[in-house]
Amino acid sequence: MSILTAILIRYRAILLVIGTTLGLFAVTSPAQAQYACPGDTPNDRMVGMHNPGNGVAPHPICVPRNSQPAAPAPPPRIINTYASIAMHPDVDGLWMEGNFDGPNGAEPKVMALCQQAMGGGCVSVGEWQNSDMAIARDWNGYLTSGWGRNGNEARQSALNACRREQPTPCEIVGTYGSGRQRIQPRLPRDLKLYGAGAWPQDTGDANAPPPRNRAWIATGHRSEAEATNAAVTACQQATGLTCVYWAVAGNGVVQTFASEQRNSALPERTGSRAVAAVNAWCRQQGMRCRPQHAYDSRRSGLFVHNFETGRPE
């Protein structure tokens with residue numbers, strides 16, 4: 001081997017040592033930086049040997065003697081969000097406060113907002129965390145809640161909790177994640193207007209059945225009690241008999257119908273849903289029914305419905 005060749009081999013080996021040492025500095029954290037050293041000293045702690053090969057002698061690798069192993073990375077932070085919903089029976093909407101980072105904050109806040117707006121009568125669905133709450137509306141216009149780990153579970157839970165005697169499923173109003181922030185109804189626009197029907201009470205006397213070829217329908221009232229009282233009062237004044245109310249609708253319709261077996265009415269949110277409910281209910285009873293006039297609870301009036309003509313008198 002020539003002298004020149006030996007010099008080149010030695011030079012390449014020195015470069016390899018320098019590059020390897022720099023690489024160690026590049027890939028290690030400052031607390032664990034490693035470097036070539038003479039061995040253990042008061043300031044250096046040997047952690048291994050580096051053997052570059054190519055005829056270069058192995059040499060010790062050290063870290064500072066006061067260095068500590070790098071701290072493990074912290075676990076991923078779990079972000080908790082809490083929420084609550086408040087409702088009032090006379091409001092076609094809801095209050096929601098969400099995205100709270102701890103419990104016992106959302107529910108008091110949302111109840112205070114509802115009670116302040118309505119002067120009392122609000123109810124809460126409770127608080128929920130990192131999940132969803134769905135709201136369903138029944139055929140009278142009242143709201144029911146259902147919780148779930150996701151939207152599908154929450155909606156099914158709300159439908160299951162809604163009125164089971166309805167011939168058609170309740171209507172899903174919305175699904176709300178706990179990370180969602182404030183929702184408020186638009187008042188006074190979202191205040192309900194109620195309608196209800198009434199007719200003479202059945203005394204159970206087969207020889208003297210009550211006359212039920214007419215019904216009295218009261219609409220446009222601010223509460224269920226006002227609507228039912230108006231309908232019952234009109235019925236009793238007209239007939240002189242004890243009357244009972246039925247088919248209460250809040251922001252919906254009172255849908256009348258007739259059949260050979262009986263006349264009656266059902267409440268629903270819209271005219272199309274009301275007709276579907278009548279048809280489904282009559283099928284369940286084994287009857288063939290004819291939907292008649294629908295009375296909108298949001299339009300103020302007092303009507304006498306004639307089941308023979310299918311229209312108000």
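Starting from 1, each residue takes its place in the sequence as its number. Please read these numbers as outputs of a predicted model, since none were measured by experiment.
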For residues [X] and [Y], is any side-chain donor paired with an opposing acceptor at under 3.5 Å?
{"X": "Glu224", "Y": "Tyr142", "result": "yes"}
{"X": "Tyr194", "Y": "Asp90", "result": "yes"}
{"X": "Asn160", "Y": "Gln156", "result": "yes"}
{"X": "Asn80", "Y": "Asn130", "result": "yes"}
{"X": "Asn140", "Y": "Arg163", "result": "yes"}
{"X": "Thr175", "Y": "Arg155", "result": "yes"}
{"X": "Glu313", "Y": "His305", "result": "no"}

Please list, one pair per line, the donor and acceptor atoms closer than 3.5 Å that link side chains of residues 276-290 to other protein atoms, with sequence neighbours excluded.
{"from": "Asn279", "atom 1": "ND2", "to": "Val275", "atom 2": "O", "distance (Å)": "3.3"}

Cluster question for you: counting only ILVMFWY and a side-chain heavy-atom cut-off of under 4.5 Å, with indirect links fine, are [X] and [Y] together?
{"X": "Val248", "Y": "Val232", "result": "yes"}
{"X": "Val254", "Y": "Phe303", "result": "yes"}
{"X": "Ile85", "Y": "Val91", "result": "no"}
{"X": "Met133", "Y": "Ile183", "result": "yes"}
{"X": "Val173", "Y": "Trp147", "result": "yes"}

Working for side chain to side chain contact (heavy atoms under 4.5 Å, CB included), residues Ile135 and Leu94: CA-CA 9 Å; Ile135 303 296; Leu94 54 86; 3.8 Å; yes
Ionic contact status for Asp92 with Arg189, cut-off 4.0 Å: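 Answer for the salt bridge query: no.
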Pair Arg149 + Glu153, salt bridge at N-O below 4.0 Å: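 Yes, this pair counts.
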Using a 3.5 Å distance criterion without hydrogens, assess whether the side chain of [X] forms a donor-acceptor pair with backbone atoms of [Y].
{"X": "Thr228", "Y": "Ala225", "answer": "yes"}
{"X": "Ser157", "Y": "Gly148", "answer": "no"}
{"X": "Gln166", "Y": "Thr168", "answer": "yes"}
{"X": "Ser297", "Y": "Leu193", "answer": "yes"}
{"X": "Lys192", "Y": "Arg222", "answer": "no"}
{"X": "Gln292", "Y": "Phe307", "answer": "yes"}

Say you draw a straight line from [atom1] of [X] to [atom2] of [Y]; how long is it, rounded to the nearest 0.5 Å?
{"X": "Asp202", "Y": "Thr242", "atom1": "CG", "atom2": "OG1", "answer": "12.0 Å"}
{"X": "Leu159", "Y": "Thr144", "atom1": "CG", "atom2": "OG1", "answer": "9.5 Å"}
{"X": "Glu97", "Y": "Arg182", "atom1": "CD", "atom2": "CZ", "answer": "4.0 Å"}
{"X": "Thr270", "Y": "Gln255", "atom1": "OG1", "atom2": "CD", "answer": "10.0 Å"}
{"X": "Arg273", "Y": "Arg137", "atom1": "CZ", "atom2": "CZ", "answer": "8.5 Å"}
{"X": "Asn150", "Y": "Ser131", "atom1": "CG", "atom2": "OG", "answer": "9.5 Å"}

Tyr82 atom OH, over 12 foreign heavy atoms within 6.0 Å: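 Yes, OH of Tyr82 has more than 12 neighbouring heavy atoms, counting only those of other groups under 6.0 Å.
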More than 12 heavy atoms of other groups within 6.0 Å of Gln181 CD: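 No, because the 6.0 Å sphere around CD of Gln181 holds 12 heavy atoms or fewer from other groups.
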Considering all heavy atoms, the nearest [X]-[Y] contact:
{"X": "Trp199", "Y": "Arg214", "answer": "CB-O, 3.8 Å"}
{"X": "Asn263", "Y": "Ala258", "answer": "OD1-CB, 3.3 Å"}
{"X": "Ala227", "Y": "Ala218", "answer": "O-CB, 3.7 Å"}
{"X": "Cys162", "Y": "Asp138", "answer": "SG-CB, 3.6 Å"}
{"X": "Pro108", "Y": "Asn104", "answer": "CG-O, 3.7 Å"}
{"X": "Ala83", "Y": "Gly98", "answer": "CB-CA, 3.5 Å"}

Non-hydrogen side-chain atoms of Pro103 and Glu127 separated by less than 4.5 Å: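 Result yes, sub-4.5 Å side-chain heavy-atom pair found.
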Any Val253 side-chain heavy atom under 4.5 Å of Tyr295 side chain: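 Counting from C-beta outward, Val253 and Tyr295 never come under 4.5 Å.
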Trp139/Glu171 under side chain to side chain contact (heavy atoms under 4.5 Å, CB included): CA gap, chis, key distance, verdict: CA-CA 8 Å; Trp139 62 356; Glu171 177 185 15; over 6 Å; no
Audit row: Ser264, Trp246, side chain to side chain donor-acceptor pair (under 3.5 Å) steps and yes/no: CA-CA 9 Å; Ser264 192; Trp246 37 245; 5.6 Å; no
Under 3.5 Å, sequence neighbours excluded: what are the donor-acceptor pairs made by side chains of residues 110-125?
{"from": "Gln115", "atom 1": "OE1", "to": "Gly120", "atom 2": "N", "distance (Å)": "3.4"}
{"from": "Gln115", "atom 1": "OE1", "to": "Gly121", "atom 2": "N", "distance (Å)": "3.3"}
{"from": "Gln115", "atom 1": "OE1", "to": "Cys122", "atom 2": "N", "distance (Å)": "3.3"}
{"from": "Ser124", "atom 1": "OG", "to": "Ser84", "atom 2": "OG", "distance (Å)": "3.4"}
{"from": "Ser124", "atom 1": "OG", "to": "Glu107", "atom 2": "OE2", "distance (Å)": "2.8"}
{"from": "Ser124", "atom 1": "OG", "to": "Gly126", "atom 2": "N", "distance (Å)": "2.8"}

Stepwise side chain to side chain contact (heavy atoms under 4.5 Å, CB included) check, Asn251 with Arg269: CA-CA 7 Å; Asn251 271 19; Arg269 175 71 172 181; 3.6 Å; yes
With sequence neighbours excluded, residues passing side-chain contact (heavy atoms from CB on, under 4.5 Å) with Thr239: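 Checked Thr239 against side-chain contact (heavy atoms from CB on, under 4.5 Å); matches are Pro200, Trp216, Cys235, Leu241, Cys243.
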Worked check of side chain to side chain contact (heavy atoms under 4.5 Å, CB included) between Gln129 and Thr81: CA-CA 6 Å; Gln129 169 192 2; Thr81 58; over 6 Å; no
